[in-house]
Protein chains: 2
Amino acid sequence: MNLKELSKQLNLSQTTVSRALNGYPEVNEATRKRVTEAARKYRYRPNVRARTLATGKSMSIGHIIPMSKQNELVNMVFSDFIAGAGLVYADHGYNMTLTIVKDDDELEAYRGFAERGAVDGVIVQAPTREDRRISFLADLDIPFVVHGRASQIRAPYGWLDVNNKRAIQTATKHLLSLGHHRIAMLNGLETLDFAVRRRDGYLAALREANIPPDDSLMRSNDMSEPNGYEAAMELLALKAPPTAFVASSMILALGVKRAIEENNLEMGKDVSVICFDDDISYLPNAGDTPLFTALRSSVRAAGARCASLLIERINKPDAPLPNELWEAELVHGASTGPGPNA
Amino acid sequence: MNLKELSKQLNLSQTTVSRALNGYPEVNEATRKRVTEAARKYRYRPNVRARTLATGKSMSIGHIIPMSKQNELVNMVFSDFIAGAGLVYADHGYNMTLTIVKDDDELEAYRGFAERGAVDGVIVQAPTREDRRISFLADLDIPFVVHGRASQIRAPYGWLDVNNKRAIQTATKHLLSLGHHRIAMLNGLETLDFAVRRRDGYLAALREANIPPDDSLMRSNDMSEPNGYEAAMELLALKAPPTAFVASSMILALGVKRAIEENNLEMGKDVSVICFDDDISYLPNAGDTPLFTALRSSVRAAGARCASLLIERINKPDAPLPNELWEAELVHGASTGPGPNA
DNA sequence: AGAATCGCTCAAAGCGCTTTGGATAACTCA
DNA sequence: TGAGTTATCCAAAGCGCTTTGAGCGATTCT
């Protein structure tokens with residue numbers, strides 16, 4: 001059943017039926033009732049393709065999630081982010097159009113979205129320091145919101161970020177205050193902006209404590225359990241192994257934990273671990289005493305908020321660009337204890 | 001730049017330009033070349049909304065991922081499944097339309113997709129035993145493929161499933177052959193079809209070994225690390241605790257591992273653990289000796305295959321319904337060892 | 001009473017593409 | 001040479017909706 005047929009059934013014009021259904025005021029309440037009832041009766045649903053063509057809005061938000069070619073790793077943080085965003089979209093009548101691309105094709109994918117009018121806006125995730133996507137999207141003149149920031153880019157754009165530097169600085173200071181002075185840092189790939197900020201936080205804390213940074217204690221790689229494990233195994237095998245680890249994600253920290261145990265050491269006693277916790281739903285760091293001491297910030301909440309900000313941007317393109325910086329919360333868990341200096 | 005403008009630039013009709021770009025044979029190769037060059041020059045991209053309206057195909061596949069209301073848990077297996085499917089879609093020019101809904105709205109979401117013509121086909125994930133979605137979608141007459149099966153449903157439908165029963169039966173037999181006879185089973189929610197099949201596999205193995213099942217050793221819950229931990233803590237506190245665990249997912253097994261360690265026991269020595277491993281990319285159970293002995297089947301490969309099957313179904317609606325049963329592979333890891341009967 | 005306003009409805013014009021059903025010129029074959 | 005192909009191209013008709021611009025009684029205002 002389409003609009004034409006329905007309006008014929010009702011002896012009304014398509015105009016009136018359309019208006020009645022879409023809540024326009026210039027239609028008599030009595031006829032509106034007739035229309036809505038007939039629509040229900042005949043199970044009429046406006047064809048979404050025709051509607052989007054007519055309105056020029058696709059009522060859909062684009063997410064592009066890149067997959068690194070080497071390891072075929074999907075950043076698991078994406079799924080929680082998307083869950084948060086998806087619910088907000090649904091509430092506002094938007095769909096989410098998701099494209100998975102190999103790294104190289106990413107820019108093209110965004111252009112495709114924009115130029116072909118497939119989506120009304122896009123979310124940019126995991127920006128690098130001078131992320132090309134940002135100016136690219138600005139040129140394409142499509143609304144977007146960045147989850148994170150690109151510190152090398154001066155031109156304004158909408159973003160929502162966690163205060164990564166302060167979070168990791170706090171984490172490192174916490175270890176220092178516990179008496180650790182040989183502290184390793186397992187970071188994500190430092191092409192990514194957030195990783196650089198976290199590194200800065202780590203270095204800033206060491207500097208405050210007058211501890212010269214030791215390159216051999218700093219690692220940077222994809223954030224996966226095996227990478228955390230391998231890095232920790234290497235570090236624990238040093239002549240002067242670290243007594244504490246700062247891990248850029250909980251999944252890395254799980255790898256560190258495994259390495260600690262395999263060395264017959266005890267986490268929280270022999271070796272301390274603190275990590276950034278995105279509060280992933282299926283890997284919660286919760287309970288009375290959470291497994292890890294961590295700096296927590298919900299990536300799902302961030303997804304939801306980014307979605308809201310983007311929808312606002314779509315509706316009010318001239319409103320000022322949103323910029324939000326969230327603080328992470330320190331959670332005390334079982335993975336930290338006094339260091340050798342305590 | 002739209003088709004009208006482009007064709008004006010070229011002094012050609014929209015028809016010819018459209019045909020040239022879409023590779024139809026009835027256009028001179030010379031003019032085709034002119035057209036493609038002009039298209040590149042002016043950065044012409046056919047508007048996807050207009051195209052889908054004209055063709056009647058949306059070139060998009062729907063995925064609906066439900067979020068259980070109580071725990072707000074996003075099944076983490078989805079992200080790998082989607083990664084696998086997404087790449088196949090991209091290869092075939094399809095998009096993925098993802099909707100996240102609270103449990104109750106799920107059926108309505110499928111109807112919305114179908115009746116409004118938003119997608120050309122849908123994937124059904126995590127079916128229950130008599131999943132309502134299947135007959136619902138069949139009635140709506142929209143192509144779909146189920147990842148998993150609904151054992152109570154007799155009418156044919158397209159599916160791809162892992163042989164869950166045999167996998168867990170093999171797992172349990174493996175523990176039995178190692179000399180364990182008190183074997184716990186930590187399952188997923190048994191409203192889900194796969195969980196029931198796994199339970200059947202566990203029971204079948206016990207039956208073969210003439211071991212009466214003990215309800216107190218069987219648990220069923222959402223598959224998360226904390227749930228695995230809590231169940232294992234309870235079970236290990238029994239007067240007669242199990243000497244081995246079968247876990248329905250690796251994430252549960254990680255919880256079991258934590259509980260074992262917290263009881264100052266050693267996994268693979270004092271207590272054995274075997275699990276089902278979906279081969280998630282960021283939680284790999286790999287290496288020379290993987291952490292867990294497991295029955296492995298890649299959920300990402302399943303996603304890719306489901307996507308292919310669905311696209312075939314869309315293109316050839318009258319072809320026979322695909323039914324594929326995959327066998328899981330036994331992987332020997334460090335989590336199992338001889339039992340008390342050995 | 002005539003003009004102006006209001007409330008409701010409609011015909012028709014898009015939205016930007018694909019596709020049908022010719023048209024035209026060139027080319028083939030007997 | 002004239003009918004029948006073939007190779008190219010085009011005008012126009014959708015696809016199913018929204019939205020513009022009018023129309024037309026009925027009501028209100030001056």
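The sequence lines fix the lettering, A, B, ..., with proteins before strands; numbering per chain opens at 1.
A donor-acceptor pair under 3.5 Å is formed between the side chain of B:D193 and the backbone N or O of B:S151. Checked by atom type and distance alone, the side chain of A:D131 pairs as donor or acceptor with a backbone atom of A:T128 at under 3.5 Å.
The side-chain hydrogen bond (donor to acceptor under 3.5 Å, both in side chains) test applied to A:N315 returns no partner, not counting sequence neighbours.
Of all non-hydrogen atoms in A:L160 and A:W326, the two that sit nearest each other are CD1-NE1, 3.2 Å. A:R133 and A:A126 make their closest contact through NH2-O, 3.2 Å (heavy atoms, listed as atom of the first residue, atom of the second, distance).
Between B:N28 and D:dA7, a side-chain N or O to OP1/OP2 separation shorter than 4.0 Å is absent.
Nearer the 5' end of DNA chain D, as judged by each residue's closest nucleotide, is the contact made by B:T16, out of B:T16 and B:A54. Residue A:Q14 is the one, among A:Q14 and B:T15, whose nearest nucleotide of DNA chain C lies closer to the 5' end (criterion: closest heavy atom). Of the two residues contacting DNA chain C, namely B:A50 and B:Y24, the nearest-nucleotide position lying further toward the 5' end is that of B:A50.
Here B:T52 lies out of heavy-atom contact (under 4.0 Å) with every strand. Among the atoms of the strands shown, base atoms are found under 4.0 Å from some heavy atom of B:R19.
With a cutoff of under 4.0 Å to any heavy atom of chain A, the contacted region of DNA chain C is bounded 5' to 3' by C:dC8 to C:dG16.
Within a 6.0 Å sphere centred on CG of B:D139, other residues, nucleotides and ligands contribute more than 12 heavy atoms.
Between B:R32 atom CZ and D:dC9 atom C1' the separation is 13 Å, expressed in whole Å. Atom CD of A:E26 and atom P of D:dA22 are 16 Å apart (whole Å).
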